[in-house]
There are 2 protein chains.
Amino acid sequence: MGITRQTKQVKTLLNIFDNNEKAISVVDLIKLLEAQMNKTTVYRILDKLMDDGVVHSFVGKGGLKWYAKCQDCSCETHNDVHPHFQCKTCGEVECLSVSFTLPPINGYMVESASLFIVGVCSNCL
Amino acid sequence: MGITRQTKQVKTLLNIFDNNEKAISVVDLIKLLEAQMNKTTVYRILDKLMDDGVVHSFVGKGGLKWYAKCQDCSCETHNDVHPHFQCKTCGEVECLSVSFTLPPINGYMVESASLFIVGVCSNCL
DNA sequence: AAATATAACGCAACTTAGTTGCATTATGAA
DNA sequence: TTCATAATGCAACTAAGTTGCGTTATATTT
């Protein structure tokens, strides 16, 4: 089950995602919000926002968890149908609004796929 | 720099990768080898085998590091040019011998990309 | 507006992945 | 056999993420 009460903490997190097109790592979120809420609360609210299809998560290059607002992604199934891009220069991570086609894999049942791309973003080139 | 001395521990690890087509997580390796070597040693040898282009690493679904023998992959650049597949049923992770084409991303410089697929493998279907 | 059930929060303690520093061991060259 | 030093083991540490439990605050009911 997802969010049932609009607490201060929930509103704060929703506000961050509303005003941010880029993805944010949990570590950064916890640092950003350390004066306002406990890290346990951050993790718990993120879980619920996932359930509600408000945000989606993915694993970054170093193995850290990142979260981003759901837009064109089909969050009902929690599949990441778009790639995620991390810029080596500025460090920012973003959802790319393109879809990718999986290579043909005979005899396998594909449930979900995540594509993570590392490079230099348009701002830093 | 990579491996310079053929120690017992290095031979043990090389032997594991030689006799295993599938990928192995560091956690499983450490568990498997706990009687034979320290976990610090496992991490250090894996780093060196990466430098030598003997194995490549990638991040799995849960954020854990996985390692697999290099075969058709171009390990000079340490780019994962092939997808990795994890089976929901048996849990095994393997390198898929297919190449995938990235979606066109205008204005971005792509350095590396990793594709991680979750589903059910041919053995478990 | 007060009462109240309980969802949500804070805190501390914990688990687990991965790293670091340093003393000790063992490899391979001289 | 000697010996320099690469490599290992160990313990202590950092950091991400989780759990349990007592307390707080939301939103519904009275």
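Residue numbers begin at 1 in each chain, while the letters A, B, ... track the order of the sequences. All figures in this text were calculated on a predicted structure; none of them were measured in a lab.
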Using whole Å, what does the distance between atom [atom2] of nucleotide [N] and atom [atom1] of [X] come to?
X	N	atom1	atom2	value
A:D51	C:dA8	CG	C1'	15 Å
B:L14	D:dA7	CG	P	13 Å
A:I30	D:dT18	CD1	C1'	12 Å
B:L33	D:dT8	CG	P	12 Å
B:I3	C:dG28	CD1	P	11 Å
A:Y43	C:dC9	OH	P	16 Å
B:K31	C:dT16	NZ	C1'	10 Å
B:I45	D:dA7	CD1	P	9 Å

Cut-off 3.5 Å, side chains only: do A:Q86 and A:E94 have a donor facing an acceptor? no

Quick one: does A:R44 reach the base of C:dG10 with a side-chain donor-acceptor pair under 3.5 Å? yes

Do side-chain atoms of B:N19 reach the backbone of B:N15 as a donor and acceptor pair under 3.5 angstrom?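 Such a contact is found between B:N19 side chain and B:N15 backbone.
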
When you measure from the side chain of A:D52 to the backbone N and O of A:V54, does any donor-acceptor pair fall under 3.5 Å? no

Residue [X], side-chain atoms from C-beta onward, closest of [options]:
X	options	result
B:K39	D:dT8, C:dC11, C:dT19	C:dT19
A:V27	D:dA16, D:dT8, C:dC11	D:dA16
A:N38	D:dG9, C:dC11, D:dA6	C:dC11
A:R5	C:dA17, D:dA6, D:dA27	D:dA27
B:V10	C:dA8, C:dG18, D:dT8	D:dT8

What is the nucleic acid contact for [X], judged by heavy atoms within less than 4.0 Å: base, sugar-phosphate only, or nothing?
X	result
A:T40	base
B:L64	sugar-phosphate
B:K65	sugar-phosphate
A:K48	sugar-phosphate

Centre-to-centre under 6.0 Å for B:H84 and B:F116, is that the case here? no

Is there a side-chain contact between B:Q6 and the phosphate of D:dA6, meaning an N or O under 4.0 Å from OP1 or OP2? no

OP1 or OP2 of C:dG10 versus the side-chain N and O atoms of A:Q9: is any pair under 4.0 Å?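 For A:Q9, the contact criterion (side-chain N or O under 4.0 Å from OP1 or OP2 of C:dG10) is met.
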
Any side-chain heavy atom of B:V59 sitting closer than 4.5 Å to one from B:L64? no

Could you tell me the separation between the OG1 atom of A:T4 and the NZ atom of A:K48, rounded to the nearest 0.5 Å?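 Rounded to the nearest 0.5 Å, the OG1-NZ separation comes out at 6.0 Å.
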
In terms of the nearest nucleotide of DNA chain C, which residue is placed more toward the 5' end: A:T41 or B:T7?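 With A:T41 and B:T7 compared, the 5'-side residue is A:T41.
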
